[in-house]
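When a ligand or atom number is given, it counts from 1 through the structure's own listing order. Only this structure's heavy atoms are used, side chains among them; waters, hydrogens and symmetry mates stay out. Quick caveat, the model's predicted, so the values are computed rather than measured.
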Amino acid sequence: MSEATIAAISTPQGTGGISIVRMSGDKSKEIIDQIFRPIYGGPIDSQKDNRKMRYGNIVDDDEIIDEVMVNFMIGPSTYTREDICEINCHGSFISVKKILNLILDKGAVLAEPGEFTKRAFLNGRIDLSQAEAVLDIINSTNDLSQAQGINQLNGSLRKEIDSIRKFLLEALSRLEYSINFTEDGEDLSPDEIISYMQKANDKIEKLINSSNKGKIVKDGINTTIIGKPNVGKSSLLNALLKENRAIVTDIPGTTRDLISEYINLGSFTLKINDTAGIRDTEDIVEKIGVDKSIELSKASDLIIALFDTSRKFDNEDKKILELIEDKNAIIILNKTDLDSIFDKSLLDVNLPIIETSMTENIGIDKLEETITEIFDASEINRESILITNTRHERLLKSASEKLASSLYDIKMGISLDAVEVDLRGSYDDLGLIIGESVSDEIMDKVFKEFCVGK
Ligand SMILES: Nc1nc2c(c(=O)[nH]1)N(C=O)[C@@H](CNc1ccc(C(=O)N[C@@H](CCC(=O)O)C(=O)O)cc1)CN2
Ligand SMILES: Nc1nc2c(ncn2[C@@H]2O[C@H](COP(=O)(O)OP(=O)(O)OP(=O)(O)O)[C@@H](O)[C@H]2O)c(=O)[nH]1
Ligand SMILES: [K+]
């Protein structure tokens, strides 16, 4: 029995120029024939009209619902590998709703979140890492996260995982030969097996190590602005936001206990953790003050530390300096428009120092440049494969542990059966990344993060 024909609105909710209602499944053709009345030419011809836009009206009996363009695509050369029909209607919330309801009346069922992409995966057009890449692209908020998504959609991660699994398979087949065809593993050439395992291990470690950079790309550079009261922290945040405020989609599944401001800087997103929740109550702010920021800054990728040059370097400034001296931090000397009584020679640390005046808008450009330079230099780029997905990271770590244990066992001459079990476990963990033998439960979890219509 074939799958139900699904339908959904694939464009954002709300008003726009054009919206797309999409169907996928065997009944697509039959349904579109019932509701589409072409203005020129005859009914849609599956072969002749394949992947061509046709112009006409969507009708309910004789009532015209909307004027549209229809694109019918015959499977299996489609996004889902099934017959697909896309109706491009006016971008009115009402038009879209009416057309969708009409399609549902004719026998389609409402698609679940991500179901089009899920079908593309289940029908073998893309692997699970590529399906996840589609979600990453949709949710991307900066140049690099979008580019990483595109690379992954084009199979960059898949190829890397395949190449690692090839090494593991070489090791496994030699091991199994020894177990099955020789007595007590005689003829076993452990050096050769170990070398394959080592090669796999190196590649896995490299991927795991990329996940910090991956997080910076995907979630933004976790940034804390720190400084004693009244140095100009809010003024700095406002200055940065003015030009660069990022549009951030609401990513499902992530709980945010902190309010964050997102700022686009060059290819990156700066995620500035905001203590907005506690900002209202002035006396609490006083009490928490620098200590709160210190706590925040511990988990930061970048600290921007502000000092007020119109006041003396004091104990609180000292505390901040101590906190940042061994961190990825930038020092800002603010209020340079006022007379300075600040002893700069006390700033005896090897960190970039930028002089600013927030009120005169001086130095903000320099700060933005410095941040971009720091992260450009850290090998975060479009070409390298970065792990941006926590599911992938967990599986790589699990594969790595099993591989380490099998490496230990084979070097110690412990039972080959135990080596084999761990080696196979490692191989299977990597398979789950690309969706091999993946359970329904995991699949549901992956696709529930999608929006309807994707
Ligand atoms: N209108 C529209 N725009 C869209 C999509 C879509 O489904 N509809 N996409 C997605 O939501 C993305 C494009 N991705 C796509 C990926 C594969 C195929 C596809 O038909 N692949 C076939 C045919 C390849 C060919 O022969 O040209 C295949 O791989 O066999 C189409 C779109 C973004 N823009
Ligand atoms: N002259 C001068 N005043 C500034 C400058 N930057 C900020 N100020 C002023 O300093 C005062 C405090 O600025 P804020 O940005 O609120 O400082 P803050 O660090 O967020 O202060 P708290 O919320 O108390 O921690 C405001 O009156 C600003 O207008 C500057 O570069 N020059
Ligand atoms: K403030």
Student: Could you list which atoms of ligand 2 come closer than 4.0 Å to a heavy atom of S235?
Tutor: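 Atoms satisfying the 4.0 Å criterion: 7 (C), 13 (O), 14 (P), 15 (O).
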
Student: Are any of the N/O atoms in G232 less than 3.5 Å from those in ligand 2?
Tutor: yes

Student: Quick one: does ligand 2 sit under 4.0 Å from the side chain of T359, the backbone, both or neither, non-hydrogen atoms only?
Tutor: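 It is both backbone and side chain that touch ligand 2.
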
Student: For T5 and D26, which heavy atoms make the closest approach, and how far apart are they?
Tutor: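 In this case the closest contact between T5 and D26 is OG1-N, 3.4 Å.
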
Student: Are K159 and D127 close enough for a salt bridge, meaning some N to O gap below 4.0 Å?
Tutor: no

Student: Would you check whether M358 has a nitrogen or oxygen atom less than 3.5 angstrom from a nitrogen or oxygen atom of ligand 2?
Tutor: yes

Student: Considering heavy atoms of the protein only, find what lies nearest to atom 7 (O) of ligand 1 and give residue, atom and distance to 0.1 Å.
Tutor: R22 NH1, 2.7 Å

Student: When the ring planes of F307 and F342 are compared, do they come out parallel, tilted or perpendicular, using 30° and 60° as the limits?
Tutor: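 F307 and F342: tilted rings.
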
Student: Report all side-chain donor-acceptor pairs from residues 83-90 shorter than 3.5 Å, counting only partners two or more places apart or in another chain.
Tutor:
{"from": "D83", "atom 1": "OD1", "to": "G75", "atom 2": "N", "distance (Å)": "2.7"}
{"from": "N88", "atom 1": "ND2", "to": "M69", "atom 2": "O", "distance (Å)": "3.4"}
{"from": "H90", "atom 1": "ND1", "to": "D66", "atom 2": "OD1", "distance (Å)": "2.6"}
{"from": "H90", "atom 1": "ND1", "to": "D66", "atom 2": "OD2", "distance (Å)": "3.4"}

Student: If you measure from each non-hydrogen atom of R81 to ligand 1, which part falls under 4.0 Å: side chain, backbone, both or neither?
Tutor: side chain

Student: Given the protein's heavy atoms, is any one of them under 4.0 Å from atom 16 (C) of ligand 1?
Tutor: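 Given the 4.0 Å limit, the answer for atom 16 (C) of ligand 1 is yes, a protein heavy atom qualifies.
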
Student: For atom 11 (O) of ligand 1, find the nearest protein heavy atom and state the residue, atom name and distance (0.1 Å precision).
Tutor: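 Checking every protein heavy atom, the shortest distance to atom 11 (O) of ligand 1 gives K454 NZ, 2.6 Å.
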
Student: Would a search of protein heavy atoms around atom 29 (O) of ligand 1 find one under 4.0 Å away?
Tutor: yes

Student: For residues G232 and M358, report the shortest heavy-atom separation together with the two atoms involved.
Tutor: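 Smallest heavy-atom distance, with atoms named: O-CG, 4.3 Å.
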
Student: Any Lys/Arg nitrogen of K206 or E160 sitting under 4.0 Å from an Asp/Glu carboxylate oxygen of the other?
Tutor: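 Here K206 does not pair with E160 in a salt bridge, since their nearest N and O are not under 4.0 Å apart.
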
Student: Using a strict cut-off of 4.0 Å, indicate which atoms of ligand 2 neighbour a heavy atom of D337.
Tutor: 1 (N), 2 (C), 30 (C), 31 (O), 32 (N)

Student: Are any of the protein's heavy atoms under 4.0 angstrom from atom 22 (C) of ligand 1, yes or no?
Tutor: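 Neighbour list for atom 22 (C) of ligand 1 includes protein heavy atoms (cut-off 4.0 Å).
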
Student: Answer yes or no for atom 34 (N) of ligand 1: protein heavy atom present at a distance under 4.0 Å?
Tutor: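 So atom 34 (N) of ligand 1 lacks protein heavy-atom neighbours under 4.0 Å.
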
Student: For atom 20 (O) of ligand 1, which of E86, R125, R51 has the closest heavy atom?
Tutor: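 The nearest heavy atom belongs to R51.
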
Student: Identify, by atom number and element, the atoms of ligand 2 in contact range of S357, meaning under 4.0 Å from any of its heavy atoms.
Tutor: 31 (O)

Student: Look at atom 6 (N) of ligand 2 and find which of L338, T336, N334 reaches it with the closest heavy atom.
Tutor: N334

Student: Taking the basic N atoms (NZ, or NE/NH1/NH2) and the acidic carboxylate oxygens, is any pair closer than 4.0 Å for K199 and E170?
Tutor: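 Salt bridge flag = no for E170 with K199.
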
Student: Would you say N222 and S300 are linked by a side-chain donor-acceptor pair, where the criterion is simply a distance under 3.5 Å?
Tutor: no

Student: Using 4.0 Å as the upper bound for N to carboxylate O, is an ion pair formed by K166 and D162?
Tutor: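 Judged by the 4.0 Å cut-off on N to carboxylate O distance, D162 and K166 do not form a salt bridge.
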
Student: For Q152, which residues count as a side chain to side chain donor-acceptor pair (under 3.5 Å) partner, sequence neighbours excluded?
Tutor: none

Student: Donor-acceptor pair, distance only, cut-off 3.5 Å: does the side chain of S92 make one with the backbone of I94?
Tutor: yes

Student: Considering only the protein, which heavy-atom contact is closest to atom 32 (C) of ligand 1, and what is its distance?
Tutor: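 Here the nearest protein heavy atom works out to Y79 CD1, 4.1 Å.
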
Student: Does the protein place a non-hydrogen atom closer than 4.0 angstrom to atom 4 (C) of ligand 1?
Tutor: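 Answer no: nothing from the protein, no heavy atom, is under 4.0 Å.
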
